[in-house]
Number of protein chains: 2
Amino acid sequence: MAEMMGVVAPSPEAGSKPAQILEAAGKLFLENGYGAVSMDAVAKTANVSKATLYAHFRSKDELFAAMVACECRNQMGTLSCEQVSRLDVADALRLIGRRFMLMLLSSKALAAYRVVVAEAHRFPELARAFYESGPAHSHAQMAAYLRDVDRRGVLRIPDADLAAEQFFGLLKVQIHTRFILCIDPQLPESEIERVVNAAVDLFTKGYAPDPR
Amino acid sequence: MAEMMGVVAPSPEAGSKPAQILEAAGKLFLENGYGAVSMDAVAKTANVSKATLYAHFRSKDELFAAMVACECRNQMGTLSCEQVSRLDVADALRLIGRRFMLMLLSSKALAAYRVVVAEAHRFPELARAFYESGPAHSHAQMAAYLRDVDRRGVLRIPDADLAAEQFFGLLKVQIHTRFILCIDPQLPESEIERVVNAAVDLFTKGYAPDPR
DNA sequence: GTCTATATACAGATAGAC
DNA sequence: GTCTATCTGTATATAGAC
């Protein structure tokens, strides 16, 4: 189980049986969790026999891991910070914030978070891989941006890594928890705006250079 | 399933069979999640026959719900804000922050969060009950405190509810995610201190009254 | 590689004696 | 109320034909 986690399996060519299976697995696992999904259900959804399924994935564990890896690949690059660097800092933070919120609260990201959290004990390597390619990835980009902002003297940020975490923390607030727990059905655009603006205001004021 | 969720079952008297069962269920479910725990295992751990188990809890679902409710009861009141109001605001926030972190990162709270998240789809009422007696409860206390702070003019907080969320967001940062995903094994006291101090600094500076 | 059919194991839940 | 023993369904995984 732990062995194949390091070796990132290549993405199967679209339309092939493995691709069908992974797609079905993604749909089912993300919606229902690991325990509640049977291999029968995966085979049926993928329009494939169970034997074929086992020909491509040696076990349910391996299929689950492959599916999470696949979903992680598909979610990447949502937070590219290229054109951001030419904007005013507050505007840039608002843009980053809005993007981050949309990504964070997308049903795919929420579902992936749920299943990985649920199985973190049994699949620690999987949880780590998810963390690296998700939260840690965004965090690193953000920290790099904030180091640049500090260098330009627009804000005074002594610890960019911590500040990056703080900024994302200000965005997630309770909303993330509420979505994860299925308390809120959907979020109005205005609410996102409100939270993002409040986060940017607090952040820029809190990290403003001393006026002397 | 949804029916008994509203009716909060009374806590069984200590030492009784139901109490033994709930204790065993807590230990097993919190450690392994809903799907991976069998009723056999619960019965065995509780030193009780399976028939006795079913005499007290009609189904696995009902046992799971009762166990979460029980754990929620046992975790409450960790954040009382009474003596806090006499402290300097920054000291008070540091105290609240440290307490919040210890509670948030306790193995019990993390385990409860994991299992509730994992089953939020199938047990929405349970997730809501957890949210109300956990995050929402702390949030309400914090918002009340911040309203008082605003009234006294020490800080200028236009939206205490949002500010309360922001403060907790600044505390959770990535640490919570890292613990939930079992990335970090344990947190040194100094790291808690660092995060709490940074949160309080940013919060107090960002919500400082305008100097005019 | 892909299928149908099946082996094997274990889960949740219950019957019936005490 | 509590136990031992068991029913019944369903899950993972495989055997063997095409």
Test ring pair (Phe, Tyr, Trp, His ring centres under 6.0 Å) applied to A/H139 - qualifying residues, sequence neighbours left out: none
Outermost nucleotides of DNA chain C that come under 4.0 Å of a non-hydrogen atom of chain A: C/dT2 to C/dT4
By ring pair (Phe, Tyr, Trp, His ring centres under 6.0 Å) - contacts of B/Y113 (at least two apart): B/H176
By salt bridge (Lys or Arg N to Asp or Glu O under 4.0 Å) - contacts of B/E23 (at least two apart): none
Pair up each side-chain donor or acceptor in residues 195-204 of chain B with any protein partner under 3.5 Å, not counting sequence neighbours, and list the distances.
residue, atom, partner, partner atom, Å
B/N197, ND2, B/E193, O, 3.3
B/T204, OG1, B/V200, O, 2.7
B/T204, OG1, B/D201, O, 3.1

For B/S59, all residues meeting side chain to side chain contact (heavy atoms under 4.5 Å, CB included), sequence neighbours excluded: B/D61, B/E62
For DNA chain C, the residues among residues 32-55 of chain A that have a non-hydrogen atom under 4.0 Å from it: A/V48, A/S49, A/A51, A/T52
Contacts of A/E132 that satisfy salt bridge (Lys or Arg N to Asp or Glu O under 4.0 Å) - sequence neighbours left out: A/R128
Residue pairs fulfilling side chain to side chain donor-acceptor pair (under 3.5 Å) with at least one residue in residues 48-57 of chain A, sequence neighbours excluded: A/D40-A/K50, A/S49-A/T52
Point-to-point distance, once rounded to the nearest 0.5 Å, from CZ of A/F179 to CZ of A/R114: 10.0 Å
Whole angstrom value for the distance that separates P of D/dT12 from CD of A/E62: 15 Å
